[in-house]
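First up is the structure itself, then whatever we jot down about it.
Counting starts at 1 for both ligands and their atoms, following the listed order.
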Amino acid sequence: MQTSSNKKQLVIGNWKMNGSSAENASLLLSLLPVISRFESVEVALCPPYPYLTTVADLLDDSDVALGAQNLSAQLSGAHTGEVSASMLHDIGCRFVLVGHSERRALYAEDDDLVAKKFATALRAGLIPVLCVGETLAQRQSGETEVVVTNQLNAVLKAVGIQDLVKGVIAYEPVWAIGTGETATPEQAQAVHRHIRQYLADQDRAAAADCRILYGGSVKADNAEQLFNQPDIDGGLIGGASLDAMSFAAICWAAQTGPITDSIAI
Ligand code: PGA
(Lines give C-alpha, C1' and ligand atoms only; values in the text may rest on other atoms or scores of the structure.)
Protein backbone atom coordinates (compact mmCIF):
# COMPACT_ATOMS: atom_id res chain seq x y z
CA MET A 1 0.00 0.00 0.00
CA GLN A 2 1.22 3.50 -0.65
CA THR A 3 1.29 6.27 1.89
CA SER A 4 0.92 9.91 1.01
CA SER A 5 1.99 13.04 2.82
CA ASN A 6 1.83 16.79 2.48
CA LYS A 7 5.36 17.23 1.26
CA LYS A 8 5.86 19.07 -2.01
CA GLN A 9 8.25 17.81 -4.64
CA LEU A 10 11.54 19.70 -4.51
CA VAL A 11 13.79 20.58 -7.45
CA ILE A 12 17.25 21.97 -6.72
CA GLY A 13 19.49 23.45 -9.39
CA ASN A 14 23.19 22.90 -8.74
CA TRP A 15 25.07 25.36 -10.92
CA LYS A 16 28.44 23.88 -9.87
CA MET A 17 31.40 26.08 -10.91
CA ASN A 18 29.57 27.78 -13.77
CA GLY A 19 28.18 31.22 -14.50
CA SER A 20 29.06 34.89 -14.28
CA SER A 21 27.14 37.92 -13.01
CA ALA A 22 25.76 38.58 -16.48
CA GLU A 23 24.92 34.94 -17.23
CA ASN A 24 23.20 34.43 -13.88
CA ALA A 25 21.06 37.54 -14.32
CA SER A 26 20.04 36.51 -17.81
CA LEU A 27 19.22 32.94 -16.70
CA LEU A 28 17.02 34.19 -13.86
CA LEU A 29 15.35 36.79 -16.08
CA SER A 30 14.11 33.96 -18.31
CA LEU A 31 13.48 31.39 -15.58
CA LEU A 32 11.67 33.22 -12.78
CA PRO A 33 8.59 34.43 -14.65
CA VAL A 34 7.96 30.88 -15.88
CA ILE A 35 8.42 28.96 -12.66
CA SER A 36 6.62 31.53 -10.53
CA ARG A 37 3.43 30.01 -11.96
CA PHE A 38 4.21 26.52 -10.63
CA GLU A 39 2.71 26.42 -7.18
CA SER A 40 2.97 22.80 -6.18
CA VAL A 41 6.72 22.40 -6.50
CA GLU A 42 9.43 23.87 -4.29
CA VAL A 43 12.47 25.15 -6.18
CA ALA A 44 15.94 26.07 -4.95
CA LEU A 45 19.11 27.23 -6.71
CA CYS A 46 22.68 26.69 -5.59
CA PRO A 47 25.02 29.20 -7.28
CA PRO A 48 28.77 29.35 -6.58
CA TYR A 49 29.72 31.21 -3.37
CA PRO A 50 30.66 34.57 -4.96
CA TYR A 51 27.22 34.94 -6.52
CA LEU A 52 25.10 33.93 -3.53
CA THR A 53 24.23 37.44 -2.41
CA THR A 54 23.45 38.83 -5.85
CA VAL A 55 21.36 35.77 -6.68
CA ALA A 56 19.63 36.18 -3.30
CA ASP A 57 18.67 39.73 -4.34
CA LEU A 58 17.40 38.52 -7.71
CA LEU A 59 15.31 35.80 -6.01
CA ASP A 60 13.91 38.23 -3.47
CA ASP A 61 10.44 38.59 -4.94
CA SER A 62 10.11 34.93 -5.86
CA ASP A 63 9.40 31.71 -3.97
CA VAL A 64 12.67 30.20 -5.17
CA ALA A 65 14.99 29.38 -2.28
CA LEU A 66 18.72 29.90 -2.14
CA GLY A 67 21.18 27.10 -1.45
CA ALA A 68 24.95 26.73 -1.26
CA GLN A 69 27.02 23.93 -2.78
CA ASN A 70 29.26 23.31 0.21
CA LEU A 71 30.10 24.52 3.72
CA SER A 72 32.84 24.18 6.28
CA ALA A 73 32.52 21.62 9.05
CA GLN A 74 34.11 24.23 11.33
CA LEU A 75 32.05 26.89 13.07
CA SER A 76 34.39 29.92 12.69
CA GLY A 77 37.94 31.13 13.10
CA ALA A 78 41.27 30.40 11.45
CA HIS A 79 40.14 28.40 8.41
CA THR A 80 41.34 30.37 5.42
CA GLY A 81 39.19 29.88 2.36
CA GLU A 82 36.33 28.18 4.17
CA VAL A 83 32.72 29.37 4.48
CA SER A 84 30.73 28.65 7.62
CA ALA A 85 27.15 27.45 8.03
CA SER A 86 26.21 30.56 10.00
CA MET A 87 27.50 32.82 7.19
CA LEU A 88 25.37 30.94 4.68
CA HIS A 89 22.35 31.23 6.95
CA ASP A 90 23.12 34.92 7.51
CA ILE A 91 22.99 35.74 3.78
CA GLY A 92 19.69 33.92 3.30
CA CYS A 93 20.56 30.36 2.31
CA ARG A 94 17.92 27.77 3.15
CA PHE A 95 19.66 24.68 1.74
CA VAL A 96 23.23 23.45 1.49
CA LEU A 97 24.54 20.47 -0.45
CA VAL A 98 26.57 18.04 1.64
CA GLY A 99 28.70 15.18 0.37
CA HIS A 100 28.21 15.74 -3.34
CA SER A 101 30.11 13.00 -5.16
CA GLU A 102 32.43 15.57 -6.76
CA ARG A 103 33.46 16.69 -3.28
CA ARG A 104 33.82 13.12 -2.08
CA ALA A 105 35.93 12.10 -5.10
CA LEU A 106 37.90 15.25 -5.95
CA TYR A 107 38.25 16.87 -2.52
CA ALA A 108 38.64 13.77 -0.38
CA GLU A 109 35.50 14.30 1.70
CA ASP A 110 34.92 11.09 3.62
CA ASP A 111 31.79 9.91 5.41
CA ASP A 112 32.91 11.36 8.75
CA LEU A 113 33.51 14.82 7.32
CA VAL A 114 30.20 14.68 5.45
CA ALA A 115 28.40 13.72 8.68
CA LYS A 116 30.08 16.60 10.50
CA LYS A 117 29.05 19.05 7.78
CA PHE A 118 25.49 17.73 7.91
CA ALA A 119 25.30 18.27 11.68
CA THR A 120 26.92 21.73 11.42
CA ALA A 121 24.44 22.81 8.75
CA LEU A 122 21.44 21.68 10.78
CA ARG A 123 22.69 23.42 13.90
CA ALA A 124 22.92 26.70 11.97
CA GLY A 125 19.33 26.41 10.74
CA LEU A 126 20.14 25.26 7.21
CA ILE A 127 18.56 22.25 5.49
CA PRO A 128 21.39 19.93 4.45
CA VAL A 129 20.92 17.98 1.23
CA LEU A 130 22.84 14.77 1.78
CA CYS A 131 24.11 13.31 -1.50
CA VAL A 132 24.65 9.56 -1.66
CA GLY A 133 25.35 7.19 -4.53
CA GLU A 134 27.49 4.43 -5.92
CA THR A 135 30.17 4.38 -8.62
CA LEU A 136 29.79 2.28 -11.76
CA ALA A 137 32.20 -0.35 -10.42
CA GLN A 138 30.22 -0.58 -7.18
CA ARG A 139 26.95 -1.00 -9.09
CA GLN A 140 28.45 -3.63 -11.34
CA SER A 141 29.65 -5.62 -8.37
CA GLY A 142 26.21 -5.46 -6.74
CA GLU A 143 27.22 -3.11 -3.93
CA THR A 144 24.79 -0.25 -4.57
CA GLU A 145 22.62 -0.78 -1.50
CA VAL A 146 25.60 -1.40 0.80
CA VAL A 147 27.35 1.78 -0.36
CA VAL A 148 24.27 3.93 0.02
CA THR A 149 23.44 2.39 3.41
CA ASN A 150 26.96 3.06 4.68
CA GLN A 151 26.76 6.67 3.54
CA LEU A 152 23.44 7.07 5.37
CA ASN A 153 24.75 5.30 8.44
CA ALA A 154 27.63 7.75 8.86
CA VAL A 155 25.12 10.59 9.19
CA LEU A 156 22.65 8.54 11.24
CA LYS A 157 25.40 7.75 13.71
CA ALA A 158 26.26 11.44 14.01
CA VAL A 159 22.79 12.96 14.29
CA GLY A 160 20.17 10.18 14.66
CA ILE A 161 17.08 9.50 12.58
CA GLN A 162 15.03 12.48 13.80
CA ASP A 163 17.70 14.94 12.66
CA LEU A 164 18.60 13.06 9.50
CA VAL A 165 15.07 13.53 8.20
CA LYS A 166 15.20 17.27 8.88
CA GLY A 167 17.48 17.27 5.87
CA VAL A 168 16.87 16.09 2.32
CA ILE A 169 18.49 13.04 0.76
CA ALA A 170 19.65 13.09 -2.86
CA TYR A 171 20.40 9.76 -4.49
CA GLU A 172 22.92 10.47 -7.23
CA PRO A 173 24.54 7.47 -8.88
CA VAL A 174 28.06 8.70 -9.66
CA TRP A 175 28.01 7.04 -13.09
CA ALA A 176 24.99 9.16 -14.07
CA ILE A 177 26.35 12.57 -13.03
CA GLY A 178 27.22 14.78 -15.97
CA THR A 179 27.52 11.75 -18.25
CA GLY A 180 24.19 11.94 -20.05
CA GLU A 181 23.56 8.42 -18.76
CA THR A 182 20.52 8.52 -16.47
CA ALA A 183 19.44 5.72 -14.20
CA THR A 184 16.24 4.24 -15.58
CA PRO A 185 13.17 5.16 -13.54
CA GLU A 186 13.08 1.55 -12.30
CA GLN A 187 16.77 1.58 -11.26
CA ALA A 188 16.32 4.88 -9.44
CA GLN A 189 13.07 3.82 -7.78
CA ALA A 190 14.68 0.61 -6.50
CA VAL A 191 17.38 2.55 -4.66
CA HIS A 192 14.95 5.21 -3.44
CA ARG A 193 12.71 2.50 -2.07
CA HIS A 194 15.69 0.91 -0.34
CA ILE A 195 16.57 4.26 1.27
CA ARG A 196 12.97 4.89 2.35
CA GLN A 197 12.65 1.38 3.78
CA TYR A 198 15.94 1.68 5.62
CA LEU A 199 14.75 4.92 7.24
CA ALA A 200 11.33 3.39 7.92
CA ASP A 201 12.94 0.53 9.80
CA GLN A 202 13.99 3.19 12.29
CA ASP A 203 11.03 5.53 12.16
CA ARG A 204 8.17 4.93 9.76
CA ALA A 205 6.57 8.39 9.97
CA ALA A 206 9.90 10.17 9.62
CA ALA A 207 10.72 8.08 6.54
CA ALA A 208 7.43 8.94 4.89
CA ASP A 209 8.02 12.67 5.41
CA CYS A 210 11.63 12.65 4.21
CA ARG A 211 12.20 13.96 0.70
CA ILE A 212 14.46 11.77 -1.41
CA LEU A 213 15.59 13.46 -4.64
CA TYR A 214 17.11 11.81 -7.68
CA GLY A 215 20.12 13.39 -9.41
CA GLY A 216 22.24 12.39 -12.39
CA SER A 217 21.59 13.62 -15.94
CA VAL A 218 17.99 14.61 -15.28
CA LYS A 219 16.76 16.41 -18.40
CA ALA A 220 13.49 17.85 -19.63
CA ASP A 221 12.72 14.65 -21.49
CA ASN A 222 13.32 12.12 -18.69
CA ALA A 223 12.23 14.10 -15.64
CA GLU A 224 8.55 13.21 -15.69
CA GLN A 225 9.13 9.45 -15.73
CA LEU A 226 11.62 9.74 -12.88
CA PHE A 227 9.41 12.00 -10.79
CA ASN A 228 6.44 9.68 -11.32
CA GLN A 229 8.15 6.96 -9.29
CA PRO A 230 6.54 6.61 -5.87
CA ASP A 231 9.71 7.19 -3.82
CA ILE A 232 11.22 9.98 -5.92
CA ASP A 233 10.29 13.35 -4.44
CA GLY A 234 12.03 15.65 -6.90
CA GLY A 235 15.48 16.16 -8.38
CA LEU A 236 18.96 17.60 -7.95
CA ILE A 237 19.79 19.03 -11.34
CA GLY A 238 23.27 19.95 -12.60
CA GLY A 239 23.80 20.65 -16.30
CA ALA A 240 20.14 21.16 -17.17
CA SER A 241 19.75 23.82 -14.45
CA LEU A 242 21.98 26.14 -16.51
CA ASP A 243 19.37 26.39 -19.24
CA ALA A 244 16.23 28.30 -18.22
CA MET A 245 13.78 26.42 -20.41
CA SER A 246 15.19 22.97 -19.58
CA PHE A 247 15.13 23.71 -15.87
CA ALA A 248 11.61 25.15 -16.09
CA ALA A 249 10.44 22.00 -17.90
CA ILE A 250 11.97 19.86 -15.14
CA CYS A 251 10.21 21.93 -12.46
CA TRP A 252 6.96 21.52 -14.37
CA ALA A 253 7.44 17.74 -14.48
CA ALA A 254 7.94 17.73 -10.71
CA GLN A 255 4.83 19.72 -10.06
CA THR A 256 2.75 17.13 -11.86
CA GLY A 257 4.39 14.16 -10.09
CA PRO A 258 2.73 12.20 -7.27
CA ILE A 259 3.41 12.78 -3.61
CA THR A 260 3.21 9.24 -2.39
CA ASP A 261 5.70 6.67 -1.24
CA SER A 262 5.88 2.95 -1.24
CA ILE A 263 6.20 2.11 2.41
CA ALA A 264 3.88 -0.72 3.27
CA ILE A 265 1.52 0.10 6.11
P1 PGA B 1 23.97 16.49 -13.74
O2 PGA B 1 24.50 16.77 -12.26
O3 PGA B 1 22.48 16.80 -13.72
O4 PGA B 1 24.75 17.42 -14.61
O5 PGA B 1 24.22 15.06 -14.03
C6 PGA B 1 23.76 16.43 -11.12
C7 PGA B 1 24.53 16.78 -9.89
O8 PGA B 1 25.76 16.64 -9.88
O9 PGA B 1 23.97 17.23 -8.87
Side-chain angles (χ1 to χ4, degrees), residues 9-19 23-24 27 31 35 41-49 51-52 55 64-71 93-109 114 117-118 121 126-136 138-139 144 147-148 151 167-185 187-188 191-192 195 211-227 229 232-254 257:
Q9 294 231 8
L10 170 64
V11 177
I12 301 179
N14 172 14
W15 291 356
K16 306 193 180 184
M17 199 169 70
N18 294 294
E23 284 167 356
N24 301 344
L27 174 60
L31 179 66
I35 61 172
V41 58
E42 193 177 344
V43 180
L45 294 173
C46 301
Y49 283 147
Y51 301 122
L52 281 167
V55 170
V64 177
L66 188 69
Q69 299 173 18
N70 186 25
L71 79 163
C93 285
R94 181 167 160 76
F95 295 96
V96 61
L97 307 185
V98 172
H100 189 282
S101 65
E102 286 153 16
R103 299 224 50 94
R104 291 180 191 261
L106 304 175
Y107 298 93
E109 294 200 4
V114 171
K117 289 188 174 193
F118 188 99
L126 297 166
I127 300 175
V129 179
L130 172 65
C131 303
V132 297
E134 82 288 2
T135 62
L136 186 58
Q138 289 165 332
R139 172 163 282 266
T144 298
V147 169
V148 167
Q151 290 169 335
V168 170
I169 295 170
Y171 168 58
E172 298 206 300
V174 178
W175 49 272
I177 295 177
T179 59
E181 189 151 338
T182 325
T184 64
Q187 283 174 322
V191 182
H192 280 239
I195 293 171
R211 285 189 291 195
I212 308 174
L213 313 184
Y214 171 78
S217 297
V218 178
K219 306 280 179 236
D221 59 5
N222 60 22
E224 190 174 343
Q225 271 194 306
L226 287 160
F227 297 159
Q229 301 302 310
I232 298 184
D233 305 313
L236 179 54
I237 318 300
S241 70
L242 299 171
D243 178 83
M245 287 311 119
S246 297
F247 190 63
I250 291 168
C251 295
W252 173 253

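Set against the non-hydrogen atoms of Ala176, the atoms of ligand 1 under 4.0 Å away are 5 (O). Taking a cut-off of under 4.0 Å to the non-hydrogen atoms of Leu236, the atoms of ligand 1 that pass are 6 (C), 9 (O). In the vicinity of Gly239, heavy-atom distances shorter than 4.0 Å reach the ligand 1 atoms 1 (P), 3 (O), 4 (O). Of all the atoms in ligand 1, the ones that sit under 4.0 Å from a non-hydrogen atom of His100 are 7 (C), 8 (O), 9 (O). Near Asn14, the atoms of ligand 1 lying under 4.0 angstrom from a non-hydrogen atom of the residue are 9 (O). Using a 4.0 Å cut-off to heavy atoms of Ile177, the atoms of ligand 1 that qualify are 2 (O), 5 (O), 8 (O).
Partners of Lys219 by side chain to side chain donor-acceptor pair (under 3.5 Å), not counting sequence neighbours: none found.
Residue-level proximity to ligand 1 for Ala170 is absent, since no heavy atom of it falls below 4.0 angstrom.
Taking every heavy atom of both residues into account, Leu27 and Asp243 meet most closely at CD1-C, 4.0 Å. The two residues Gly19 and Asn24 come nearest to each other via the heavy atoms CA-OD1, 3.6 Å. Taking both residues in full, the closest heavy atoms of Gln69 and Met17 are given as OE1-N, 4.5 Å, listed atom of the first, atom of the second, then distance. Closest approach of Asn70 to Tyr49, counting heavy atoms only: O-OH, 2.7 Å.
Under a 4.0 Å heavy-atom criterion, Lys219 is not in contact with ligand 1. For Gly216, the closest heavy-atom approach to ligand 1 falls below 4.0 Å. At least one heavy atom of Ser217 sits closer than 4.0 Å to an atom of ligand 1.
Put simply, the side chain of Ser217 gets close to the backbone of Ala176: a donor and an acceptor are under 3.5 Å apart.
Taking any N or O of Gly238, backbone or side chain, at least one lies under 3.5 Å from an N or O belonging to ligand 1. Residue Lys16 places at least one N or O, backbone or side chain, under 3.5 Å from an N or O of ligand 1. For Gly178, a nitrogen or oxygen atom sits less than 3.5 Å from a nitrogen or oxygen atom of ligand 1, counting backbone and side chain alike. Between Glu172 and ligand 1, a contact under 3.5 Å exists for at least one N or O pair.
Taking the six-membered ring where tryptophan is involved, the planes of Tyr171 and His192 are perpendicular, since the angle between them exceeds 60° and thus also 30°.
Remark: Gln225 CD is loosely packed, at most 12 non-hydrogen atoms of other residues, nucleotides or ligands lying under 6.0 Å away.
Ionic pairing of Arg104 and Glu172 is not present here: no N-O contact between side-chain nitrogen and carboxylate oxygen is shorter than 4.0 angstrom.
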